[in-house]
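Below is one structure, written out as structure tokens, with a few remarks after it.
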2 protein chains.
Amino acid sequence: MKIEDQLKTNNLPPARKLSLSILVTANLIDENVAAALKPFDISIQQFNVLRILRGQKGKPANLSTIQERMVSKMSNTTRLVDKLIAKELTERIVCEANRRKVEISITEKGLELLKEIDPKVDAVEKELIQDITEEEIEIVTNCLNKIRK
Amino acid sequence: MKIEDQLKTNNLPPARKLSLSILVTANLIDENVAAALKPFDISIQQFNVLRILRGQKGKPANLSTIQERMVSKMSNTTRLVDKLIAKELTERIVCEANRRKVEISITEKGLELLKEIDPKVDAVEKELIQDITEEEIEIVTNCLNKIRK
DNA sequence: CTACAAATGTTGTTTAGACAAATGAAAATC
DNA sequence: GATTTTCATTTGTCTAAACAACATTTGTAG
């Protein structure tokens, strides 16, 4: 659907058209992913932290590493991790080498939860982009790369 | 910057690559626009409501209309509008024809604020997409349109 | 060594978002 | 015309985000 029709507006300058398209589409993706995660009682942010930790392949990550890799850089990653610890999906230990740091890792329970969730999120993403060809994906991601510098 | 490099991951399946690219880029846009709005002490959501009301060209809008057109459909548009009313940027009157509805319109002060803000936001958007050609904008927005159906 | 600065997280506080329930007005049904 | 349904918005409540202030450990310069 054209962004102008969706937002009932017209004559958007190109820069605004593109930025609104990206924002509205991102919102749609968020809504759909959040809905898929809901049965598992986990938020998108929490899900992302779990995926980051899994990507560490056993190595624990400290808070600033997680924060760097998060889609949305919110300031209180501490409390986000607190939630995951309360659910026993992650663990936190104080780093021995540098006692300012903490080392956070995903638990077995966390890995199992991800294994359950992954196919659902994959399905949502595939469903959303079903009309986009692989070639188009390349073009679009390249353009978006340029926006993110 | 490639999304894999940015998130320090690799071998993303195409659907996830695209969806992450969109989400991360949207986040970047949000951050930049929010920063531009900060001096005016107004949030992105509030800014969007003001633009929607301006788009009405004098005609007031009711709450559900605003909600439909918002980028992110949050549930308490009431309180969002309350904030704008407190700042005297909008007005709310109960609709005479259908007393369930309310009619919301932008004030002169609101219009003036928009006039001040617009060039700043335009500049942010242009700066962000400076490396994208008009042709590319067309291609990308078309693809995003397909995601939003 | 001591003091000062930087790094790394945590906590406090205020504001916004999600979601359900409630309110009140109009429309529909019996 | 009274009762029920639906509509449009508001309110309540709980959780999350923004942002600043604080705490603790480490690094460094005199």
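In what follows, every chain begins at residue 1, and chains take the letters A, B, ... in the order their sequences are listed.
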> Are B/V121 and B/L111 in one and the same hydrophobic cluster, where Ile, Leu, Val, Met, Phe, Trp and Tyr link if side-chain heavy atoms are under 4.5 Å apart?
Replying inline: yes
>> Per the salt bridge (charged side-chain N to carboxylate O under 4.0 Å, His left out) rule, what does the pair list look like for residues 80-93 of chain A, sequence neighbours excluded?
In response: A/D82-A/R92, A/E88-A/K109
> Between B/R148 and A/S21, what is the shortest heavy-atom contact and its length?
Replying inline: NH1-O, 3.7 Å
> Does B/D41 CG have over 12 foreign heavy atoms under 6.0 Å away?
Replying inline: no
> To the nearest angstrom, how far is B/I42 atom CD1 from C/dA16 atom C1'?
Replying inline: 15 Å
Under 3.5 Å, which protein N or O atoms sit close to an N or O of nucleotides 14-22 of chain D? Give each pair with its distance.
{"residue": "D/dA16", "atom": "OP2", "partner": "A/K83", "partner atom": "NZ", "Å": "2.8"}

>> Suppose we screen for salt bridge (charged side-chain N to carboxylate O under 4.0 Å, His left out). Which residues come up paired with B/K17, at least two apart in sequence or across chains?
In response: A/E138
> Roughly, in whole Å, what's the span from CG in B/D41 to C1' in C/dT15?
Replying inline: 11 Å
> With the sugar-phosphate defined as primed atoms, P, OP1 and OP2, and the base as all remaining atoms, what B/S/- string results for nucleotides 1-8 of chain D, 5' to 3', for protein heavy atoms under 4.0 Å?
Replying inline: -----BBS
> When the distance from CD of A/E68 to C1' of C/dA7 is rounded to whole Å, what number comes out?
Replying inline: 14 Å
> Hey, is the side chain of A/R99 poking within less than 4.0 Å of OP1 or OP2 on D/dG27, counting only N and O atoms?
Replying inline: no
>> Any side-chain to backbone donor/acceptor pair from B/T107 onto B/L89? Under 3.5 Å, distance only.
In response: yes
> Roughly, in whole Å, what's the span from CG in A/D82 to P in C/dG12?
Replying inline: 12 Å
>> Using whole Å, what does the distance between atom C1' of nucleotide C/dT15 and atom NZ of B/K87 come to?
In response: 11 Å
> Closest nucleotide of DNA chain D for B/R92 versus for A/E96: which of these residues is on the 5' side?
Replying inline: B/R92
>> Once salt bridge (charged side-chain N to carboxylate O under 4.0 Å, His left out) is applied, do any residues pair with B/R51, and if so which ones, sequence neighbours excluded?
In response: none
> Tracing side-chain links under 4.5 Å among I, L, V, M, F, W and Y, which residues wind up in one group with B/I139?
Replying inline: A/I139
